[in-house]
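Notes to accompany the following structure.
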Amino acid sequence: MKKIIKDILLKRLDELNSSLPVQAPDFFEIEVPKKKEFGDFSTNIALVLSKSMKKNPREIATLIVSEFKNDLFSKIEIAGPGFINFFLNDSMVRKILEDRSENFDYFLSPKSENKKRIFIEYVSANPTGPLHVGHGRGACIGSSLSNILKELGHEIHQEFYINDAGSQIKNLGLSIILRAKELKGENVEYTKDCYMGEYITDIAREFMKKYDNLDISEYFINEASRFGKNLVLGWIKKDLEDFGVNFDNFQSELELFERGYVNECIKVMRNKGLIYEKDGALWFKSTDFLDDKDRVMVKENGEKTYFASDVAYHKLKFERDYDIYINIWGADHHGYVPRVKSAIKALGYDESKLKILMVQMVSLFRDGKPVTMSKRTGDFVTLREVLDEVGKEPMRFTFLTRKHDSPLDFDIELVKQKTSDNPVFYVQYMYARINSVFKVAEERGIKIPAKLSFNRLTLEEERELIKQILAFPDVLFDVEFFLEPHLLTYYLINLAQLFHSYYNAHRFINGNDIELTNCRLSLLFLLQKLIKKGLYLLGIETPERM
RNA sequence: GCGCCCGUAGCUCAGUAGGAUAGAGCAACAGACUUCUAAUCUGUGGGUCAGGGGUUCGAAUCCCUUCGGGCGCGCCA
């Protein structure tokens, strides 16, 4: 809808261009004003233009508006400092809706003008323990964003990077063996790097079924590491699946080493003169780029750092030549951004193609009190625990009603409540309610008309709902632009609000006025499809009844 | 100490390439079920947008600064 108006406006500027030097600005806004008296849409184009044209914005607005006619608008006004307000012609709006309804599935799946290949990496948790709630937040944002971008016609590759190399994996193996010994009644002393969660016991039990000799040898630690990693990875994949998150690929860090990518990468950087030796270690001169400190790639003892393999991983990503790379990271990794971007730049790639979304921490509460302990794991609350307790839908919805960079307080009891405290039910209820209207209509022998019609929908509520339906593509494009899936969530809540209000104020099925009934059922039919699509994009199901 | 993020109603949060009189939900209070599902709706009250300064026609939004909170600052991953 915004696009329609924008096109009309650009065309108008074009017309003016022949007589006056008006240049279309790079960016101007078509927005829905907060106040009804300012019309259905308004633009700040005259205000934006006034800067470059050095002219009074109202004067420019007058220029644009005078003798500007279009059937879509019943009225165009200049207001305030120079806003141009558009008042829609209701019958035209209904006509547009009718037009869109003929191919509504297509309307609900608008395509972006330039299709892009997008690589999105998220979650990427260490396979040393089950996913926790914070991972769930990133998983949710990543998967919903992927769904929406895919819907817009982009080619999406979703990847999970497994940090299965390095010391933390060895620590996992050692922890498993020590726990197994302990289970056998031996006295053991854990090192401070050991993982102490209860889940280690589960792994140790499984491990003992296969191995009875528990030496703390390099060989056994490796065995235990691999064993534990695979088990944990299985949990992680299951959790993600149950959470509605699907990846195209799980990329193993270890594999990057085994295939020689990491060595290759270091060699390339060396040849480019990006690496120097100091104190027996190899350093990447990241301060030549965007970092405030140089970074070690190969330690004095010859081991590669985590950073080294991460550079190799990003090199591999960029070799695959995507248009955009999105990384969703926990906020505790923000210090890592400059060095990764430096490496990408140093390797000759365009680091601005990499967008890193920092997802802020999740703090758990129960009835307003902070939850810091978990019986099961000793030190954190797993995604699985909360998922089992509150369910996928409320959890996803809660994560998706916040923008990614604000910290989130997650109250388990609140999210569990089946009240309007919990907007997920509010939105799902809209779907279920429409469903039941259809059911009753059918019982009374009224079917959804084969040819949808809207001409009798003249109520204020109906006008609003129609406007909102037509705004759906705008919302998806906003999500694309800002990389903020929560915009869709808020849109759906708002739509449900309009609907429930409409539902309470008016009856849809009216045996005395079949024509009107048909129009209303037509509207509900579109609304139901829309809400289903919207929730689907958020990874949330639509129950037929509630 | 340095860096990043956050601070909006009692609570949880929207408000995004500067725009018009600051927005929801919850909680509080007062109402609406003989009706297509009350998991709903209608109404009322509630604000120094953390404080201060600046930029300009215009700032919750941009810049500086103070305060408060979170997170980072390894040859850990």
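By convention in this document, chain letters (A, B, ...) are assigned in the order of the sequence lines, proteins followed by strands, and residues within each chain are numbered from 1. This one's a predicted model, so the numbers in the text were calculated from it and none came from an experiment.
- At a cut-off of 3.5 angstrom, counting only N and O atoms as typed in the model, there is no donor on one side facing an acceptor on the other between the side-chain of A:H333 and the base of B:rG72.
- Here the nucleotide nearest the side chain of A:F508, chosen from B:rC6, B:rC36, B:rC71, is B:rC36.
- An OP1 or OP2 oxygen of B:rG25 is reached within less than 4.0 angstrom by a side-chain nitrogen or oxygen of A:Q497.
- Judged by closest nucleotide on RNA chain B, A:P33 is the one of A:V440 and A:P33 placed further toward the 5' end.
- Considering only side-chain atoms of A:N504, the nucleotide from B:rU40, B:rA77, B:rG19 that sits closest is B:rU40.
- Side-chain nitrogen and oxygen atoms of A:R444 include at least one within less than 4.0 Å of the OP1 or OP2 phosphate oxygen of B:rC36.
- Nearest to the side chain of A:F425, among B:rA39, B:rG15, B:rA17, sits B:rA39.
- Ring orientation note: the planes of A:W283 and A:Y276 are close to parallel, at an angle under 30° on the 30°/60° scale.
- Pairing each heavy atom of A:L521 with each of A:P449, the nearest pair is CB-CD, 4.3 Å.
- Rounded to whole Å, atom P of B:rG74 lies 13 Å from atom OH of A:Y336.
- Close to B:rG74, at under 4.0 Å from its OP1 or OP2, lies no side-chain N or O of A:T305.
- Of the N and O atoms on the side chains of A:E253 and A:S309, at least one donor lies less than 3.5 Å from an acceptor on the other residue.
- A sub-4.0 Å separation between OP1 or OP2 of B:rC13 and a side-chain N or O of A:T489 is absent.
- Across all strands shown, B:rU16 forms no Watson-Crick or G-U wobble pair with both key distances under 3.5 Å.
- A centroid separation of less than 6.0 Å is found between the aromatic rings of A:F508 and A:Y502.
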Give every pair of a protein N or O atom and an N or O atom of nucleotides 60-62 of chain B that lie under 3.5 Å apart, one pair per line with the distance.
none

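- The partner of B:rG7 is B:rC67, judged by Watson-Crick or G-U wobble contacts that both fall below 3.5 Å.
- Atom pair A:F399:CZ and B:rU12:C1' shows a separation of 14 Å (rounding to whole Å applied).
- Side-chain proximity of A:Y503 to B:rA14, B:rA38, B:rA77: nearest is B:rA38.
- In this model, the phosphate group of B:rG3 is not approached by any side-chain N or O of A:K293 to a distance below 4.0 Å at OP1 or OP2.
- Closest to the A:A79 side chain, of the nucleotides B:rC5, B:rA20, B:rA77, is B:rA20.
- Residue A:K36 places no side-chain N or O under 4.0 Å from the OP1 or OP2 atom of B:rA20.
- By the stacking rule of 5.5 Å between ring centres and under 30° between planes, A:F83 does not stack on the base of B:rG19.
- For B:rC62, the paired nucleotide is B:rG54, the pair qualifying as Watson-Crick or G-U wobble because both relevant distances are below 3.5 Å.
- Side-chain atoms of A:Y491 and A:D478 include no donor-acceptor pair closer than 3.5 Å.
- Of the side-chain N and O atoms in A:R433, one or more sit less than 4.0 angstrom from OP1 or OP2 of B:rA38.
- What separates CD of A:E300 from P of B:rG74 is a distance of 17 Å, to the nearest Å.
- You'll find that the side chain of A:K299 is closest to B:rA77, out of B:rA77, B:rA20, B:rU16.
- A:Y431 and A:E544 share a donor-acceptor pair across their side chains, judged by distance under 3.5 Å alone.
- Remark: the A:H506 side chain and the B:rU35 base include no donor-acceptor N/O pair separated by less than 3.5 Å.
- Pair assignment for B:rG43: B:rC29, on the basis of Watson-Crick or G-U wobble contacts that are both within less than 3.5 Å.
- Screening A:F41, A:F73, A:F38 for a ring pair (Phe, Tyr, Trp, His ring centres under 6.0 Å) involving A:F86 leaves a single residue, A:F73.
- Set against B:rA20, B:rA14, B:rU40, the side chain of A:Y426 has B:rU40 as its closest nucleotide.
- When the P atom is used for both B:rG72 and B:rG52, the distance is 32 Å, rounded to whole Å.
- When heavy atoms are screened at a 4.0 angstrom cut-off, A:D279 is found touching base atoms of the nucleic acid.
- Side chain to side chain, A:K75 and A:N85 fail the donor-acceptor criterion of an N or O pair below 3.5 Å.
- When each of B:rG19, B:rC36, B:rC13 is scored by its nearest atom to the side-chain atoms of A:V437, the top-ranked nucleotide is B:rC36.
- Taking only side-chain nitrogens and oxygens, A:K403 comes nearer than 4.0 Å to OP1 or OP2 of B:rG15.
- Within the shown strands, B:rG72 is the pairing partner of B:rC2 under the Watson-Crick or G-U definition, both distances less than 3.5 Å.
- Across all strands, A:M358 comes closer than 4.0 Å to no nucleic acid atom at all (heavy-atom distances).
- Comparing B:rU21 with B:rG3, their P atoms are spaced 37 Å from each other, to the whole Å.
- The nucleotide whose nearest atom lies closest to any side-chain atom of A:D405 is, among B:rA20, B:rG15, B:rC6, B:rC6.
- Of the side-chain N and O atoms in A:H500, none sit less than 4.0 angstrom from OP1 or OP2 of B:rA38.
- Sequence order on RNA chain B of the closest nucleotides to A:W283 and A:F438 puts A:F438 first from the 5' end.
- When heavy atoms are screened at a 4.0 angstrom cut-off, A:K170 is found touching no nucleic acid atom at all.
- Among the nucleotides B:rG72, B:rA20, B:rU35, the one closest to the side chain of A:N85 is B:rA20.
- Judged by centroid separation below 5.5 Å and plane tilt below 30°, A:F38 stacks onto the base of B:rA20.
- Using a 3.5 Å distance cut-off with no hydrogens or angles, the side chains of A:N510 and A:T517 do not pair a donor with an acceptor.
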